[in-house]
Peer 1: 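Let me begin by handing over the structure; questions about it come next.
In the text below, chain A, chain B and the rest are named by the order of the sequence lines, each starting its count at 1.
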Amino acid sequence: MAKWITIEQMSHHVGEEVELRGWVYLRTDKGRLQFIRLRDGTGFAQVVVFKKNLDPEAFNAARHVTQESSVIVRGIVRQDERAPGIPGGYELDARDFQIVQLAEEYPIQPKEHGVDFLLDHRHLWLRTPRQWAIMRVRAEVIRAISDWLDDHGFLRVDTPILTPSAAEGTTTLFETNYHDRPAYLAQTGQLYNEANIFAFGKVYCFGPTFRAEKSKTRRHLQEFWMVEPEIAWCTLEDLLEIEEQFVSYIVQRVLERRANELRVLERDTSSLEKVEPPFPRISYDEAVEMINRAAAQGVRVPPKDEPLPPIEWGDDFGAPHETYIAAQFEKPVFVHHFPTEAKAFYMEPEPDRPEVCRSADLLAPEGYGEIIGGSERISDPEKLVEALKRHNLPLEPYKWYIDLRRYGSVPHSGFGLGVERTVAWICGLHHVRETIAFPRVLGRLYP
RNA sequence: UCCACCGUAGCUCAAUUGGCAGAGCAGCCGGCUGUUAACCGGCUGGUUCCUGGUUCGAGUCCAGGCGGUGGAGCCA
């Protein structure tokens, strides 16, 4: 009996007779010679089927097998430079070929397709090499996130998805029915994280979050994954050091362990190799100056080569502003001390200058935009009540949140990193919809 | 919500001024022992998004609708 191995393991079995189980993704019919491209989830490999090496029935099966049919192939592993695949360089010289199920005419071909068609066929699109590579990078990003946090004293404490009230804006909430009372899908676990740090010191939550934004851009999903670390006894300055260590670790880990996948994606990794601490830091004030200086000089920004619009102090950045700022640096860049008005209610105002708050966003290079938003949180109960009132938020739902400041309040900070934007940046993708298996984009709930 | 663009075969796209709806790929049949999205020959394949209008005649022009894409705002 030939041993069943995976495509990933082929290089360790050269000269041996083995069995592969997988799906046909391409076939080249040369008459008495068939080239079958097989994938099995671990990789992509070529099976070479010479008529003289098989029973007539088995050869006939190989000759008529359709794309995406499930098959079991027995043969001898051979090293050959001409063999395509991932990782490639090894092929199977077939001795037997069995079809488990002959697939019907398959809609996705190894060629260009439109976005609408691909999203409607996401359940099948996932089988293609490019999507395979992206999902494997995503899994590595997630493992790197957990490993780094777990190894640095953070305790994972999961926060609820069904919540009674808004954490931030109310217009972007998905409402659901909680036994005849309204409940909302979580936009963030942060407020609960803040409760958890007083019990556990350093914590993080990691899960899906939901934003009912009417956003139709390459950076937005209705449902996305966010990791949110929160740290007691931590100032904004301490927080930025943690963030740059964390992000650098994630990037270097993917470069090290998912090189094959990045090659499939044709990612130029030279800019990723530079991602290590420290990251540049500029204040919002400096950023506004940089933007307005550039706008006055008529600087244009990708992707549409439009003139960079000037900005007024107090406004939040638009996409071209983020793109311009990020393009001035080789590494991710922190922009800190945003106007208090433009940010969420819980951010700590700078004591000597309350019009700005102790917040910082991290902008990824190459136009991938904001991948982290973070801040020091208000630690004084009275200042927090004031801030809630200033934002016209009701006090009652936040009673427990205010309580946290009444029983042993300490300076504390936290941030949220968006998994999809991080994966899009590392993979060099144009749109975050490819970074999650079943994306929830505006107007789409199938499959 | 707003702005721009798009909707023709299973897929990617053509169709001149309003004048017989076409090609490549996929599928099926045949040929080929090193293909890299093979190649060569043949066959099959249509509610031109929907509704209405103009016209001798509409894929093409007009109106409304539906669906999609890109972007803005907002955000990770």
Side-chain angles (χ1 to χ4, degrees), chain A residues 25-37 44-53 59 63-64 66-68 78 80-86 88 91 93 103-121 124-125 128-129 167-169 171-172 187-190 208-228 303-304 306 309 315-322 342-344 361-364 368-374 415-425 430-433 435-436 441-444:
Chain A
Y25 72 99
L26 197 67
R27 184 170 59 92
T28 302
D29 179 354
K30 294 274 296 176
R32 273 165 284 182
L33 167 61
Q34 302 288 319
F35 292 106
I36 309 279
R37 304 275 189 88
F44 297 72
Q46 176 162 271
V47 176
V48 183
V49 188
F50 284 107
K51 189 174 184 179
K52 63 171 169 91
N53 289 341
F59 181 77
R63 199 179 166 186
H64 294 283
T66 53
Q67 191 186 355
E68 289 306 319
R78 184 168 54 209
D80 192 315
E81 281 179 8
R82 295 169 295 183
I86 307 160
E91 61 186 19
D93 188 11
E104 295 174 31
E105 189 180 332
Y106 193 66
I108 298 185
Q109 298 173 37
K111 63 166 203 174
E112 298 286 320
H113 293 284
V115 174
D116 187 29
F117 175 81
L118 288 173
L119 286 174
D120 279 344
H121 293 83
L124 305 178
W125 186 22
T128 60
E168 296 174 13
T171 52
T172 61
Q187 294 176 305
T188 166
Q190 185 210 309
T209 51
F210 306 87
R211 308 260 170 108
E213 292 162 358
K214 304 279 189 207
S215 301
K216 285 182 69 168
T217 82
R218 70 185 68 178
R219 300 209 278 255
H220 288 87
L221 294 169
Q222 303 290 295
E223 176 182 319
F224 67 95
W225 283 64
M226 185 158 67
V227 59
E228 295 178 275
K304 293 173 101 176
E306 281 167 327
D315 289 346
D316 217 337
F317 297 142
H321 302 128
E322 277 188 5
K343 287 288 176 182
D361 288 352
L362 183 66
L363 305 183
Y368 286 94
E370 184 184 345
I371 55 171
I372 285 182
F415 67 94
L417 174 132
V419 169
E420 287 76 15
R421 287 186 184 177
T422 303
V423 174
W425 163 46
H430 291 293
H431 201 298
V432 292
R433 66 185 160 220
T435 64
I436 185 165
V441 297
L442 191 62
R444 212 177 260 283

Peer 1: For A/Glu228, which residues count as a side chain to side chain donor-acceptor pair (under 3.5 Å) partner, sequence neighbours excluded?
Peer 2: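 Checked A/Glu228 against side chain to side chain donor-acceptor pair (under 3.5 Å); matches are A/Thr188.
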
Peer 1: Using the side-chain contact (heavy atoms from CB on, under 4.5 Å) criterion, which residues pair with A/Lys216? Sequence neighbours excluded.
Peer 2: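 Scan of A/Lys216 (side-chain contact (heavy atoms from CB on, under 4.5 Å), adjacent residues dropped) gives A/Leu442.
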
Peer 1: Could you run through nucleotides 36-48 of chain B and give me one letter per nucleotide, 5' to 3': B if any protein heavy atom sits under 4.0 Å from the base, S if only the sugar-phosphate is that close, - if neither?
Peer 2: BBB----------

Peer 1: Mind checking what makes side chain to side chain donor-acceptor pair (under 3.5 Å) contact with A/Thr28, not counting sequence neighbours?
Peer 2: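 Here no residue qualifies.
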
Peer 1: Please give, in whole Å, the distance from B/G34 P to A/Ile36 CD1?
Peer 2: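 Atom CD1 in A/Ile36 sits about 16 Å away from atom P in B/G34.
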
Peer 1: Among the candidates B/G34, B/U69, B/G68, find the nucleotide nearest to the side-chain atoms of A/Asp116.
Peer 2: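 Shortest atom-to-atom distance from the side chain points to B/G68.
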
Peer 1: According to the salt bridge (charged side-chain N to carboxylate O under 4.0 Å, His left out) rule, which pairs have a member within residues 107-120 of chain A, sequence neighbours left out?
Peer 2: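 Counting only pairs at least two positions apart or across chains, the salt bridge (charged side-chain N to carboxylate O under 4.0 Å, His left out) contacts touching residues 107-120 of chain A are A/Asp116-A/Arg444, A/Asp120-A/Arg444.
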
Peer 1: Is the aromatic ring centre of A/Phe224 closer than 5.5 Å to the centre of the six-membered base ring of B/A76, with the two planes inclined by less than 30°?
Peer 2: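 Given the distance and angle limits, yes, they stack.
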
Peer 1: In whole angstrom, give the distance that lies between atom CD of A/Glu223 and atom P of B/A76.
Peer 2: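 It is 17 Å, rounded to the nearest whole Å.
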
Peer 1: Using the C1' atom as the point on both nucleotides, what is the distance between B/C28 and B/C61, in whole Å?
Peer 2: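 Here B/C61 and B/C28 have their C1' atoms 41 Å from each other.
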
Peer 1: Tell me every residue that passes side-chain contact (heavy atoms from CB on, under 4.5 Å) with A/Leu26, counting only those two or more places apart in sequence or in another chain.
Peer 2: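 side-chain contact (heavy atoms from CB on, under 4.5 Å) check on A/Leu26 returns A/Arg37, A/Pro110.
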
Peer 1: How many Å lie between CZ on A/Arg32 and P on B/U35, as a whole number?
Peer 2: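 From A/Arg32 CZ to B/U35 P: 17 Å.
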
